[in-house]
Amino acid sequence: MAVNSKQKGARFERLLASRFREYGYSDARRTAQYCGNTGEASDVVGLPGIHVEAKHAEQMRLYEWIAQAKRDAEASGKGNLPAVFHKKNNAEILVTMELETWMNLYREWEAGFDLKGTEQNDNS
């Protein structure tokens with residue numbers, strides 16, 4: 001991997017951590033992967049329950065990246081859901097995950113949404 005490519009990846013990881021902090025995840029940070037095995041396989045930590053694989057590239061290799069995220073998430077033994085956060089130049093950050101992972105998140109969101117709706121209806 002060229003030095004510029006590594007620098008581009010590191011910049012994206014810092015940007016991603018910064019964006020997570022903007023959303024209120026104050027502990028979000030880039031992991032120090034350059035030092036070898038840190039015990040954190042995730043590129044960015046601070047989103048509870050999510051394994052973050054960060055990729056800034058023009059050519060998308062989503063299936064390879066998802067496979068890497070799954071391997072790393074499983075190897076960590078934490079039970080985190082694998083997700084690839086990716087972007088190309090001059091584009092928005094996107095998130096890719098397998099359907100099963102997305103459905104797990106959606107079910108949790110929907111359950112919370114239903115509870116909020118029920119609470120509002122009970123107070124009427």
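Count residues from 1 along the sequence. All figures in this text were calculated on a predicted structure; none of them were measured in a lab.
- Legend: residues meeting ring-ring contact (aromatic ring centres under 6.0 Å, His included) with Tyr25, ordered by chain and number and at least two apart, are absent.
- Taking the six-membered ring where the residue is Trp, Phe20 and Phe85 present perpendicular rings, their angle passing 60° and hence far from 30°.
- By the 4.5 Å heavy-atom criterion applied to side chains, Lys8 and Asn89 are counted as neighbours.
- The list of salt bridge (Lys or Arg N to Asp or Glu O under 4.0 Å) pairs with a residue in residues 85-99, not counting sequence neighbours, reads Lys70-Glu98.
- Summarising the geometry, atom NZ belonging to Lys55 is positioned 11.0 Å from atom CE belonging to Met60; distances are rounded to the nearest 0.5 Å.
- Of the inter-residue distances, the one linking Arg71 atom CZ with Glu53 atom CD reads 9.0 Å to the nearest 0.5 angstrom.
- Of the possible donor and acceptor atoms, one in the side chain of Ser42 sits under 3.5 Å from a partner among the backbone N and O of Val52.
- Under the 4.0 Å criterion applied to side-chain N and carboxylate O atoms, Arg107 and Glu110 are not assigned as salt-bridge partners.
- The two residues Arg30 and Ala10 have their closest heavy-atom pair at NH2-CB, 3.5 Å.
- Ile50 CD1 to Leu81 CG: the interatomic distance, rounded to the nearest 0.5 Å, is 4.5 Å.
- The hydrophobic cluster containing Tyr63 does not contain Met97, counting ILVMFWY residues as joined when their side-chain heavy atoms lie under 4.5 angstrom apart, directly or transitively.
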### Query
Given the rule in the side-chain hydrogen bond (donor to acceptor under 3.5 Å, both in side chains) test, do Thr96 and His86 qualify, once you have shown the distances and angles that lead to the verdict?
CA-CA 8 Å; Thr96 299; His86 55 93; 2.6 Å; yes

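- No more than 12 heavy-atom neighbours from other residues, nucleotides or ligands sit within 6.0 angstrom of CZ on Arg61.
- A pairwise comparison of heavy atoms in Ala28 and Ala17 identifies CB-O, 3.7 Å as the closest pair.
- Across every non-hydrogen atom of Arg21 and Ser26, the tightest pair is CD-O, 3.8 Å.
- Taking both residues in full, the closest heavy atoms of Leu16 and Ala54 are given as CD2-CB, 3.9 Å, listed atom of the first, atom of the second, then distance.
- Between Glu13 and Arg11 no salt bridge is recorded (no basic side-chain N to carboxylate O distance below 4.0 Å).
- At most 12 non-hydrogen atoms from other residues, nucleotides or ligands lie less than 6.0 angstrom from CD of Glu100.
- Both Val44 and Ile93 are part of a single hydrophobic cluster, where members link through side-chain heavy atoms under 4.5 Å apart.
- Put simply, Val95 and Trp65 are part of two different groups of oily side chains (I, L, V, M, F, W, Y) that touch within less than 4.5 Å, one to the next.
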### Task
Would you please test Thr31 and Arg29 for side chain to side chain contact (heavy atoms under 4.5 Å, CB included) and show each step?
CA-CA 6 Å; Thr31 59; Arg29 62 176 171 75; 4.1 Å; yes

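- Listed here is the closest heavy atom pair of Asn80 and Ala73: O-CB, 3.7 Å.
- The shortest non-hydrogen separation linking Ala69 to Val84 is CB-CG2, 4.2 Å.
- Side-chain contact between Leu105 and Met103: absent, with no pair of heavy atoms (C-beta onward) separated by less than 4.5 Å.
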